[in-house]
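What follows is a set of notes on a single structure, which appears directly below.
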Amino acid sequence: MFYHSKELQFNARVSKPDPRFARLLLEQFGGGNGELKAAMQYFVQAFSCHNPYPDKYDMLMDIATEELGHLEIVGATIQMLLAGVNGALKDAAEKDGVFPEGFTKDDFIHQAFSINPQFGVLTGGGPRLTDSNGVPWQGSYVNANGDVTVDFRSNIAAESRAKIVYEYLMKFTDDPYVLETLNFLMTREVAHFQQFEAALGTVKPNFPPGVLQSDPRYSNLYYNSSCGEDARGPWNEGTSIGFGEEWQYIEDPLEHVLATEGLTDIEPKGTDRTTSSMHKADKQLSKERSTEVKSSMPEKDLQWSVYSKPMPKK
């Protein structure tokens, strides 16, 4: 059940209309890294967490709901940036002197339509659920894999992308009120990043993502697959971050593939893990995660919410 409050979470304001920036801001309204994408992603992910991870379900629904509030802030800001395009606002805006000297409402309307014709022929001077190039929002933007270790990492990446989009957008407006709004929205992306990172840390083990632990014969191999001066760093020398295995630098990938019969005749090196221990860990974690899910969901007489009266028997 959702409840809408008419007050925005943040007091969105604009100094003057700006159809150019309104078009850019559509990226965060109906774009692939925008607020609706985030809201729907966390909303969909929450369902698989409801019984096995009720605390994660609560967090995902809370953040999804906040993202809907952010969508409202972005939509309201776009609407204000287009003030003067629709209905009585045209005359009101002109009388209030919000346009630059010598710049009429007709000039403004022409500018808005030339920047984005949809503002005139489809939306009547309001936002539309597209990105800045008019590409409609689509469900394929949403990533939900049903495993919290995967979904939370996806969300951390999503918050990173949304944050950098706001950072880029801030370079294209000098409106102090709009900048305040963008700064707030950008900062909330950072907050959500930390929340997902913290939630991921409560799932043990959480590396590698998913259940299967990965084959130790191949998990610490680095292939030098490019010509020229070779770059070395913690991604191909020293120990790996996840497993703490020693990176095996393969100088000549072709020679290595041929010598190992296409990597079939190979033994783990630089690691304490073995194929036997990998299979054992796979079975153990699979059993644990499967038990978590099965034990949290009855096989019949299912009920999502708990009310004052028990579910009647049929």
Side-chain angles (χ1 to χ4, degrees), residues 41 45-57 59-60 143-160 193-297 299:
Q41 178 157 306
Q45 289 176 356
F47 288 100
S48 62
C49 293
H50 182 264
N51 284 69
Y53 307 109
D55 55 338
K56 310 303 189 297
Y57 174 83
M59 180 196 69
L60 284 164
N143 296 300
N145 293 98
D147 185 294
V148 293
T149 66
V150 177
D151 284 344
F152 287 167
R153 286 185 170 91
S154 180
N155 297 349
I156 289 170
E159 295 293 339
S160 300
F193 179 111
Q194 296 176 93
Q195 289 162 359
F196 287 124
E197 192 171 47
L200 176 63
T202 67
V203 182
K204 301 294 185 180
N206 63 38
F207 183 86
V211 174
L212 300 181
Q213 293 300 290
S214 81
D215 196 318
R217 293 176 296 175
Y218 317 122
S219 58
N220 60 341
L221 302 181
Y222 181 90
Y223 288 96
N224 179 33
S225 299
S226 56
C227 299
E229 185 177 352
D230 299 330
R232 303 301 296 268
W235 54 87
N236 61 20
E237 63 182 357
T239 56
S240 62
I241 295 174
F243 285 128
E245 299 173 330
E246 182 182 351
W247 287 113
Q248 304 297 300
Y249 190 85
I250 310 302
E251 184 68 51
D252 189 331
L254 177 58
E255 179 184 356
H256 185 257
V257 168
L258 294 175
T260 58
E261 298 293 326
L263 302 184
T264 58
D265 183 16
I266 187 174
E267 293 294 330
K269 292 183 180 180
T271 175
D272 294 331
R273 296 194 307 134
T274 64
T275 53
S276 176
S277 67
M278 172 197 70
H279 292 311
K280 183 178 179 180
D282 287 348
K283 291 180 180 179
Q284 180 178 347
L285 186 55
S286 296
K287 184 178 180 180
E288 289 178 5
R289 294 285 164 83
S290 177
T291 300
E292 285 178 351
V293 175
K294 290 179 179 178
S295 63
S296 65
M297 181 72 76
E299 295 183 357

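Within 6.0 Å of CG in Leu258 there are more than 12 heavy atoms belonging to other residues, nucleotides or ligands. Atom CG of Asp272 has 12 or fewer neighbouring heavy atoms from other residues, nucleotides or ligands inside a 6.0 Å radius.
Using a 4.5 Å cut-off on side-chain heavy atoms (C-beta onward), Gln284 and Lys287 make no contact. A heavy-atom distance below 4.5 Å is found between the side chains of Leu60 and Phe196. Two residues are said to be in side-chain contact when any heavy atoms from C-beta on lie closer than 4.5 Å; Ile250 and Glu255 fail this criterion.
Using modelled atom types, no side-chain atom of Thr271 and backbone atom of Pro216 make a donor-acceptor pair closer than 3.5 Å. Asn236 places a side-chain N or O within donor-acceptor distance of the main-chain N or O of Ala231, the cut-off being under 3.5 Å. Between the side chain of Ser240 and the backbone N or O of Gly244, at least one donor-acceptor pair lies under 3.5 Å. In this structure, Trp247 contributes its side chain and Tyr222 its backbone to no donor-acceptor pair below 3.5 Å. At least one donor-acceptor pair under 3.5 Å links the side chain of Gln213 to the backbone N or O of Val211. With Ser295 contributing its side chain and Thr291 its backbone, the two residues share a donor-acceptor pair below 3.5 Å. Proximity of a side-chain donor or acceptor of Asp147 to a complementary backbone N or O of Thr149 within less than 3.5 Å is detected. The backbone N or O of Leu263 lies less than 3.5 Å from a partner atom in the side chain of Tyr218, making a donor-acceptor pair. Not a single donor-acceptor pair under 3.5 Å links the side chain of Ser154 to the backbone N or O of Val150. Within the 3.5 Å criterion, the main-chain N or O of Phe243 finds no donor-acceptor partner in the side chain of Arg273.
To the nearest 0.5 Å, atoms NZ (Lys269) and CD (Gln248) are separated by 7.0 Å. We find the NZ-OG1 distance between Lys56 and Thr202 to be 3.0 Å, quoted to the nearest 0.5 Å. To the nearest 0.5 angstrom, Gln195 atom CD is 11.0 Å from Phe152 atom CZ. One finds the OG atom of Ser276 at 9.0 Å from the CE atom of Met278 (value rounded to the nearest 0.5 Å). Here OH of Tyr249 is found 9.0 Å from CD of Glu237. Values are rounded to the nearest 0.5 Å. Rounded to the nearest 0.5 angstrom, Cys49 SG and Asp151 CG are separated by 7.0 Å.
Judged by distance alone, the side chains of Glu251 and Asn224 do bring a donor and an acceptor atom under 3.5 Å apart. Between the side chains of Asn220 and Glu246, no donor N or O sits under 3.5 Å from an acceptor N or O. Residues Gln45 and Asn143 have side chains that never bring a donor and an acceptor to within less than 3.5 angstrom of each other.
Considering every non-hydrogen atom in both Ser296 and Pro52, the closest pair reads OG-N, 3.3 Å. Shortest non-hydrogen contact noted between Gly242 and Phe207 is CA-CE2, 3.4 Å.
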Run the numbers on Glu197 and Asn155 for side chain to side chain contact (heavy atoms under 4.5 Å, CB included), then give the verdict.
CA-CA 9 Å; Glu197 192 171 47; Asn155 297 349; over 6 Å; no
Would you sort out whether Glu245 and Thr239 count as a side chain to side chain contact (heavy atoms under 4.5 Å, CB included), showing the intermediate values?
CA-CA 5 Å; Glu245 299 173 330; Thr239 56; over 6 Å; no
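Applying the ring pair (Phe, Tyr, Trp, His ring centres under 6.0 Å) criterion to Tyr53, with sequence neighbours excluded, gives no partner residue.
Aromatic pair Phe47/Tyr57: ring centres not closer than 6.0 Å.
Ion pairing between Arg217 and Glu267 fails under the 4.0 Å rule for side-chain N and carboxylate O.
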